[in-house]
Amino acid sequence: MTSEDNYSDNNVVSKQVHKHDHTPPADQGPVTQVQAIQIAMQELLIEKGLVCAEEIRETVELIDSITPSRGAEVVARAWLDPEFKSRLLHNGTAACLEMGIDLRPTPLVVVENTSLIHNIVVCTLCSCYPRMLLGLPPDWYKSTAYRSRIIIEPRVVLLEFGTNLNPELSIRVHDSTADMRYLVLPQRPNNTENFSVNQLTELVTRDCMIGVTLPKNSVTS
Amino acid sequence: MTAQRFTNGDRVKVAEITGRRHVRTPGYIQGRHGVIERFCGYFPNPEERSIGLTGLPKIALYRVRFSGADLFKELSSAVADSIDVEVFEHWLREVEDDI
């Protein structure tokens, strides 16, 4: 049998051997309405000369290159530098720019966890998220379940994430409904006084900057 | 763009505006009372931008703090203690206003 035979539509043997008991790739089904709109919009923008295909590719590449480590560096610096922390809480976008992270024109609101208040971020209307700081949002952040339940029963949702918050803490949820974007500034874990900036950065995960968990090494009680 | 109407600590009530247009004011705060947490600046009106207009002049945007118990006490006893939501000024009424 030649390799051409394998790819022939009339090759009964290969059809019998290749049983389709696996899930087909996502892009093999019919085009969804959202995909059709996206393709039409992209073609129109290119056709009218507003953007070129290269610019779209570059932008997708930039967005895909951003990881939560950017946000972690901001948090670690705020833990080490009280004056920076003060500027960060006053104007998140300007403070990030000091570190070469340009979020403009989006205003970043930084909300600080304290011994009294634990902050959590959600977008109940869609999936607003500080993408230029943390990269693309996780799938669960965009789910209807998270978007509704995190306000109605946040402690239950956090337990499902394995986060057992001190019941004394007051929970404040920030609904990202319009033009602000949010970053939770977690509390610095105890016993990290001698940590370097790199060691501190390692403790700061994406999820603790959304507020559904605490930094690594944190002790809940 | 008009001067901001509310300042931090002002008590406000969110309007109830029905209709199918695109709004950024979630249903769960419509008709409810809250307190201005901060003024966020002026931003284009998303309701007009959604139908191809410029959304200008820009409108004052605030963060309004609501009590979870006030909003959802009939639903759950485990609600968030407070919820901060961004609301455009044209949705906000002074508490004395009769909407």
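For the numbers below, each heavy atom of this structure counts, side chains included, while hydrogens, waters and symmetry mates do not.
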More than 12 non-hydrogen atoms from neighbouring residues, nucleotides or ligands closer than 6.0 Å to CG on A:Asp139, yes or no? no

Measuring from atom CD of B:Glu86 to atom OG1 of A:Thr177, what distance do you get when rounded to the nearest 0.5 angstrom? 4.5 Å

Side chain, backbone, both or neither: which part of B:Val64 has a heavy atom under 4.5 Å from chain A? neither

What are the two closest non-hydrogen atoms of B:Val79 and A:Pro154, and how far apart are they? C-CD, 3.8 Å

For the residue pair B:Asp81 and A:Leu169, what are the closest heavy atoms and their distance? OD2-O, 4.1 Å

Any non-hydrogen side-chain atom of B:Asp84 less than 4.5 Å from a side-chain atom of A:Val173? no

Enumerate donor-acceptor pairs with a distance under 3.5 Å from any side-chain N or O in residues 183-191 of chain A to protein atoms, sequence neighbours excluded.
from     : atom 1 : to       : atom 2 : distance (Å)
A:Arg188 : NE     : A:Thr192 : OG1    : 3.1
A:Arg188 : NH1    : A:Trp79  : O      : 3.4
A:Arg188 : NH2    : A:Thr192 : O      : 2.8

Rounded to the nearest 0.5 Å, what separates atom CZ in B:Phe43 from atom CE in A:Met180? 3.5 Å

Side-chain H-bond candidate by donor/acceptor type, B:Ser82 with A:Arg172, under 3.5 Å: yes

Would you say A:Gln33 has more than 12 foreign heavy atoms packed within less than 6.0 Å of its CD? no

Is any side-chain heavy atom of A:Asp179 less than 4.5 Å from a side-chain heavy atom of B:Arg24? no

Spacing of NE2 belonging to A:His174 relative to CD1 belonging to B:Ile83, to within rounding of 0.5 Å: 10.5 Å

For chain A, which residues of residues 25-36 of chain B have heavy atoms nearer than 4.5 angstrom: B:Thr25, B:Pro26, B:Tyr28

Would you mind checking which part of A:Ser170 comes under 4.5 Å of any heavy atom in chain B, side chain (CB onward), backbone (N, CA, C, O), both or neither? both

I'd like to know whether A:Asp175 forms a salt bridge (Lys or Arg N to Asp or Glu O under 4.0 Å) with B:Arg63, so could you lay out the CA-CA distance, the side-chain angles of the two residues, the decisive distance to 0.1 Å, and finally the verdict. CA-CA 9 Å; A:Asp175 191 355; B:Arg63 274 162 47 82; over 6 Å; no

side-chain contact (heavy atoms from CB on, under 4.5 Å) between A:Glu153 and B:Phe72: does it pass, once the steps are laid out? CA-CA 10 Å; A:Glu153 47 180 12; B:Phe72 296 114; over 6 Å; no

